[in-house]
Amino acid sequence: MAKDTLDSLQAGERGRIVALTGTPELRRRLMEMGLIPGTLLRVVRFAPLGDPIDVEVRGYHLSLRKQEARQVLISNPQHPQE
Amino acid sequence: MSRGSREPTDDRLLIAHEKTQEQQEMPLSIAHPRPAGARSSSLIAVAGNPNCGKTTLFNALTGLRHKVGNYPGVTVEKREGAVAGDPALKLLDLPGTYSLSARSPDEQIAQDVLLGRLADTPRPDAVLIVVDAANLERNLYLASQVLELGIPAVIACNMMDLLEAAGHKLDIAGLSKRLHAPVIPTKGNRGEGVAELKAALRKVCAANLPQARQRAWTMSESIEREARDIAAAITASGFTEPQGAEGAALLLLSEGQVPPENHLPAAVRKSLTAALSRLQADPDMDISLEVTAGRYAWLGEVVDACLRRSTQRTHAFTDRLDGIFTHRIWGLLSFAAMMGLLFYSIFVLAVPLMNVIESGVQWTQTAIQTRMAAGPLRELLAEGIVPGVGNVIVFFPQICILFLFIGLLEDTGYMARAAFLMDRIMSRVGLHGKSFIPLLSSHACAIPGIMATRVIENPKDRLVTILVAPLMSCSARLPVYTVLIAACLPSAAWVKAVTLLAMYMLGITMALTMATVFKKTLLRGPTPAFIMELPPYRMPHLSAVLHVMWDRSKIFLTRAGTVILAITVLLWAGMHFPRSSERQARYETQRQQIRAATGSETGEQIDNLNKQEASEQLQNSYAGRFGRLLEPATRPLGYDWKIGIGLISSFAAREVFVSTMGIVYSVGDTEEDSAPLRERMREARWPDGRRIFTPLVAVGLMVFYVLACQCVSTIAIVRRETNGWRWPLFMFGYMTALAYTGALLVYQIGSALGLG
């Protein structure tokens, strides 16, 4: 299964978190907000200027910069069921 | 362990071991809460995620009667109030946090209060945890951390209306059983559930049973073992209730490092250090992951068991609105419209109110002039204090409108979208999306803008935002720009518009440039993470917003007003002393001559004579002498000593420049667009006959005003928000240097190019 990072997903695509990289600070922060390995998330859209990303996770919306999203390893990217 | 305590007869206090130096510095409040029977009131901390409606519930419970202050040493708001109808129940609103592990000052305070580590805040007797029913898992994360501290707790399951509207069903009783705490469903915005909440709080405080809650989730054995050891040390030292020892141990462990301050008993510190080194010796051990994942796994089960989801999306309305507000095109357009509305309200809607205040100030001035006996006191009041302080108070409506607007944007949830849209630009200069609104607000007045930087978590980024905020051309600069443009530049409308726009752009560009410079040098730090929730949209609570607006605006009046008052008096004294009886006699003689000649007491000649006297008085006053002393410095910029005085007096408040110009150019108290001042300025000449106020000088002067820090109130607020004089003085220094250099370059280069 290809391991992409969150910032490589297109708007509307889903994925499941595999692991978190980055500084301990960042990882802890993301995990406490609910981004744990195994969690499902969906990219809702990108901001008009291209960055940050609006991500839906555990029923709420989280805004992340692409740089931070790159620290979130995803598997199973799925395209929107349309 | 020897028994010794500060109050020998009170054996409910902690058992102190041999007091080391460290321990003697521990705050007294590390103690068990008093039994319910012994106390006259109960302190209830209110915890919850941001945007869970905690503030609304707090307001509903206290009936909007609360006190706002700051926790000592940090700029975190402290809100306290008693439950309406039940004064024995005192509520302490903690800052909204996603977790108790300390990262930002907000989270540190929440943790400190709940653990009783703040010297002047007793440990809470109970805690009210507010969770957003429409967002349970993440909200319960914080809730479970708080519950594990063993404090008697009540959970308010708020925003039930959103849940019900989407057709979901929540098993309250089941939730309560699994969490081992009473759960009260509430709809904070409708006031429903508040009575039941009060009853539950009363009951919990009266019973005062620290909940013995068995942690329902586990981690790997190595962490569990270390947690038990640390918990034992905590219990032995009395740092928390025995029931809360493990919860506190987990908090400490999951931070991955020993906290720097000396808030922990020595034995706990030792135990923690040892545990961490043992655990971290294993490269595969990820403490944070285990703790967080374990907790969320359990919470997932709890929510699955208690929540029956329907097929509808919970936040359909929010999703639809975001389709517009964060849309590639409509998002930016609506944002521009929103900002336009903000500016419109500040610059246009505020005007009638400002005029009322201005009339009031003028009325007061006249009243003093006519009703008081002549003398220095009357002069001080009528020409110094009243206009000086009045100048500041005039801006109060603008400040209020700004805070009201910001409050509404925050309450509805739009603020997060604004940060979301603008983050790309902000991150280019090393700042944060949340810096945008403070910087934008500073175009009205830097003071609320600077106060609004509290939402920025990272202290360095907050500081950089504060340092560059005054570069945004505030409304006080407008009278200066207006006068100079009208007096010195060609009268074509497009010239005026372009010049004005150029000044604003200069401010913005310099601000962004300096932000980049600061982030690369002094306040070097990584571009901050932008992890921000986009909360659901909500109808704003007008009464609460107004209340917050008033709380924040009041600070503007009191703090800024006192400093301005002091400086105004000083400036006035500088401009009116020393007196010269010789001069007074000389002018009186001349006045008598005119009276004899014209037969009247007043008249244009007498007026002009008075103004001439005032001007001469000014020239020889301390301020005037200082201005002339500075002339060598101001000459290269193209200014004479009179403009020099204008510049100096402006350092209290920029608009003072206009009134000072009026005085020095021998015109009486003047409005910004009064013809005589314009003409006088145009006619002012150097001894050799050249005009002083050429277009080049005017532009250079405006550049000076764009870049200089000429506002005592701003310095006062920066001192308050940064807890010291270092940064306000630095800000003053760098901006003065920028202003001088900028004006110098404009004038010198312009003259060399023959433009002057």
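Heavy-atom basis, side chains included; hydrogens, waters and symmetry copies ignored. We name chains A, B, ... by the order of the sequence lines, and we start the count at 1 in each one.
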TODO: Check the pair Asp319(B), Val44(A) against side-chain contact (heavy atoms from CB on, under 4.5 Å), reporting the backbone distance first and the verdict last.
DONE: CA-CA 10 Å; Asp319(B) 295 336; Val44(A) 180; over 6 Å; no

Portion of [X] that has a non-hydrogen atom of chain A nearer than 4.5 angstrom:
X         : value
Glu533(B) : both
Leu289(B) : both
Gln145(B) : side chain
Thr292(B) : both
Ser254(B) : backbone
Arg417(B) : neither
Asp286(B) : side chain
Tyr141(B) : side chain

Student check: side-chain heavy atoms of [X] and [Y] closer than 4.5 Å:
X         : Y         : answer
Arg138(B) : Val57(A)  : no
Leu49(A)  : Leu421(B) : no
His327(B) : Arg45(A)  : no

Open item on the list: Tell me which of these, Glu32(A), Arg27(A), Met31(A), Met33(A), has more heavy-atom pairs under 4.5 Å with chain B than the rest.
Closed with: Glu32(A)

Open item on the list: Please classify the contact of Ile53(A) with chain B as side chain, backbone, both or neither, using a heavy-atom distance under 4.5 Å.
Closed with: backbone

Open item on the list: Taking the cut-offs as 6.0 angstrom to the six-membered ring centre and 45 degrees off its axis, would you call Arg58(A) and Tyr296(B) a cation-pi pair?
Closed with: yes

Got a second to check how far [X]'s [atom1] is from [Y]'s [atom2], nearest 0.5 Å?
X         : Y        : atom1 : atom2 : value
Asn51(B)  : Tyr60(A) : CG    : OH    : 11.5 Å
Ser288(B) : Arg29(A) : OG    : CZ    : 13.5 Å
Thr326(B) : His61(A) : OG1   : NE2   : 9.0 Å

- [ ] Locate the shortest heavy-atom distance separating Phe46(A) from Phe420(B); write the atom from each residue and the value.
- [x] C-CZ, 4.4 Å

TODO: Provide the closest heavy-atom pair for His432(B) versus Arg65(A) in the form atom of the first, atom of the second, distance.
DONE: CA-NH2, 3.9 Å

